[in-house]
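Just so you know, residue 1 is the first one in the sequence shown, and it goes up from there. Just so we're clear, the structure is a prediction, and the values are computed from it rather than from any experiment.
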Amino acid sequence: MPLDDASAGATQVQGRTSPSFEPPSIDDGTDLWQLVIDSKTLDVNSRYSYLLWCRDFAATSIVARTPEGIGGFITGYRRPDADNTLFVWQVATATHMRRQGLARRMLDHLFARQAPLGVDHVEATVTPDNLPSAGLFESFAKANNATLTRDELFTEEMLGKGHEPEVRFRIGPISRTA
């Protein structure tokens with residue numbers, strides 16, 4: 001079910017405002033950084049890195065904008081050695097936006113923007129204890145009738161003591177003809 005940015009405007013859903021979906025701007029960088037801190041589960045990068053991300057990778061990232069501010073975001077990039085693959089770096093949702101399917105809607109919108117540019121695979125890494133992220137990528141693969149493979153990309157030894165291994169989720173190919 002491809003989505004286009006024309007349908008991305010904020011709308012009313014059961015008395016709530018549904019977020020609009022758009023690329024981030026540099027001005028959003030600090031809000032993304034704060035959202036990661038507030039998540040208490042994601043690896044926090046420097047504020048500077050989120051500002052750069054919003055400048056240099058806005059086309060492959062997305063924010064969910066609500067009247068209250070940023071309700072969630074996905075940062076991603078197209079892999080330099082596999083430009084048909086969108087790598088999802090981080091997915092975050094504000095506490096008040098959780099359990100509403102926001103992460104999945106953001107991923108659907110982001111992929112719909114990238115598919116016309118030749119993207120037909122999505123990759124991400126997920127730690128074994130991150131069941132919500134695993135569920136997100138499993139549901140995305142199922143909804144797109146795409147193959148999902150998993151393999152360990154980075155071991156605990158590579159990442160350092162106290163960090164679980166990062167399991168690569170690779171989804172695709174994803175067809176947009178249906």
Practice problem: Sort and list the pairs that fulfil salt bridge (Lys or Arg N to Asp or Glu O under 4.0 Å) and have at least one residue in residues 78-103, not counting sequence neighbours. | Solution: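 Passing the test, one end in residues 78-103: Arg79-Asp81, Arg79-Glu123.
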Self-check item: Pairs involving residues 44-55, ordered by first then second residue, that meet salt bridge (Lys or Arg N to Asp or Glu O under 4.0 Å) (sequence neighbours left out)
Solution: none
Shortest non-hydrogen contact from [X] toward [Y]:
| X | Y | answer |
| --- | --- | --- |
| Leu35 | Ala94 | CD1-CA, 3.5 Å |
| Glu152 | Pro165 | OE2-CB, 3.1 Å |
| Ala146 | Pro173 | CB-O, 3.7 Å |
| Pro24 | Ala58 | O-CB, 3.3 Å |
| Gly118 | Asn84 | O-CB, 3.4 Å |
| Val126 | Glu166 | N-OE1, 3.5 Å |

Quiz item: Once you round to the nearest 0.5 Å, how far does CG of Asp38 lie from CG of Asp31?
Solution: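 CG of Asp31 is found 10.0 Å from CG of Asp38.
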Quiz item: Which value, rounded to the nearest 0.5 Å, describes the distance between Leu32 atom CG and Cys54 atom SG?
Solution: 4.5 Å
Please answer whether the main-chain N or O of [Y] pairs with a side-chain N or O of [X] as donor and acceptor at a distance below 3.5 Å.
| X | Y | answer |
| --- | --- | --- |
| Ser49 | Asn45 | no |
| Ser39 | Val36 | yes |
| Arg65 | Gly72 | no |

Quiz prompt | Pairs involving residues 63-92, ordered by first then second residue, that meet ring-ring contact (aromatic ring centres under 6.0 Å, His included) (sequence neighbours left out) | solution = Trp53-Trp89, Tyr77-Phe87
Self-check item: ring-ring contact (aromatic ring centres under 6.0 Å, His included) contacts touching residues 149-170 (sequence neighbours left out)
Solution: none
Kindly list each side-chain donor-acceptor pair under 3.5 angstrom involving residues 127-142, sequence neighbours excluded, with atom names and distances?
from, atom 1, to, atom 2, distance (Å)
Thr127, OG1, Asp129, OD1, 2.8
Asn130, OD1, Ser133, N, 3.0
Asn130, OD1, Ser133, OG, 3.2
Asn130, ND2, Ser133, OG, 3.1
Glu138, OE2, Arg150, NH2, 2.6
Ser139, OG, Arg104, NH1, 3.4
Ser139, OG, Gly135, O, 3.4
Ser139, OG, Leu136, O, 3.0

Practice problem: Given side chain to side chain contact (heavy atoms under 4.5 Å, CB included), test Met97 with Thr66 step by step and report yes or no. | Solution: CA-CA 10 Å; Met97 297 296 293; Thr66 71; 4.1 Å; yes
Quiz item: If you group Ile, Leu, Val, Met, Phe, Trp and Tyr whenever their side-chain heavy atoms sit less than 4.5 Å apart, what else falls in with Tyr48?
Solution: Leu52
Practice problem: Just do the salt bridge (charged side-chain N to carboxylate O under 4.0 Å, His left out) check on Asp151 and Arg170 with the steps written out, would you? | Solution: CA-CA 9 Å; Asp151 63 351; Arg170 181 162 171 79; over 6 Å; no
Sub-4.5 Å side-chain heavy-atom contact between [X] and [Y]:
| X | Y | result |
| --- | --- | --- |
| Leu110 | Leu86 | yes |
| Trp33 | Val44 | yes |
| Thr147 | Ile171 | no |

Decide whether [X] and [Y] are clustered together by the hydrophobic rule: side chain heavy atoms of Ile, Leu, Val, Met, Phe, Trp, Tyr closer than 4.5 Å, transitively.
| X | Y | value |
| --- | --- | --- |
| Leu153 | Val91 | no |
| Ile74 | Ile174 | yes |
| Leu102 | Leu107 | yes |
| Val119 | Met106 | yes |
| Leu148 | Val122 | yes |

Quiz item: Can you check side chain to side chain contact (heavy atoms under 4.5 Å, CB included) on Ile62 and Arg113, steps first, answer last?
Solution: CA-CA 10 Å; Ile62 195 165; Arg113 279 199 345 238; 3.8 Å; yes
Quiz item: Are Gln34 and Tyr50 close enough that a side-chain donor and a side-chain acceptor fall under 3.5 Å?
Solution: no
